[in-house]
Amino acid sequence: MSPEHKYSHWKKNLWAGILFGLGFVAFIDETIFHQLLHWHKFYDRSTTSIGLISDGLFHAFSWFATVGGLYLVADLMRRHVFWHKMFWGGKLLGGGGFQLYDGIIQHKLMRIHQIRYHVDILPYDLIWNITAVIMIIAGLLLIRSAKKESRRTSGGETLAS
């Protein structure tokens, strides 16, 4: 596969990673914090029944994103243009982006749920949001590195997307 051919599919590789990462982190959140530990529901401002319905919708969303990402991966593999580094960069960016959105928007601004209740929440918030920022930075660095490697292998010229 020529570098030009691979580079022409960088956005699809990136979006495959973003969707998969977003869905994967949402699935882990749902499975561990909602179902196994029972720390919260997706929507905690109503009855337990409403919380369970909201968890079901959240779970469906995470699977739609994951399956959508894997569908794109299958297409990229079929075309022989799957780009591991770009995909992993997108995966970290998508997962970290979801986690930061959850920690800032849903936990603090919308207050639809917290990570935990009846404990000092600060350590949980710090770990949750700092981990998200680290994932985003690592994802952006991988994406940048993949683009640089592609430019280097193509003779230094910038390839059109």
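Given the structure is predicted, the values throughout are model-derived calculations rather than measurements.
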Are [X] and [Y] close enough that their ring centres sit under 6.0 Å apart?
X      : Y     : value
Tyr117 : His40 : no
Phe58  : His34 : yes
His80  : Phe82 : no

Interatomic distance, CD1@Ile104 vs CE@Met110, rounded to 0.5 Å, equals 13.5 Å
State the CH2-CG distance between Trp15 and Leu76, to the nearest 0.5 angstrom.
14.0 Å
Tell me who clusters with Leu52, hydrophobic residues only, linked when side chains sit under 4.5 Å apart either directly or through other members.
none
Hydrophobic side-chain clustering at under 4.5 Å (ILVMFWY, transitive links): who's grouped with Ile134? Put none if nobody.
Leu122, Leu126, Ile130
Yes or no on ring pair (Phe, Tyr, Trp, His ring centres under 6.0 Å) for His113 and Tyr43, after CA distance, side-chain angles and deciding distance?
CA-CA 6 Å; His113 66 264; Tyr43 185 72; 9.1 Å; no
Worked verdict on Gln99 versus Asn129 for side chain to side chain contact (heavy atoms under 4.5 Å, CB included)
CA-CA 7 Å; Gln99 192 164 318; Asn129 293 321; 5.9 Å; no
Greater than 12 external heavy atoms within 6.0 Å of Trp88's CH2
no
Quick one: do Trp128 and Asp29 satisfy side chain to side chain contact (heavy atoms under 4.5 Å, CB included)? Show the steps, please.
CA-CA 11 Å; Trp128 190 259; Asp29 178 21; 4.0 Å; yes
Lys41 and Asp44 ion-paired at < 4.0 Å
no
With no hydrogens and no angle check, is any side-chain donor or acceptor of Asn13 less than 3.5 Å from a backbone partner on Met86?
no
Got a sec, which residues hit side-chain contact (heavy atoms from CB on, under 4.5 Å) with Trp39, two or more places apart in sequence or on another chain?
Phe33, Leu37, Ile115, Arg116, Tyr124
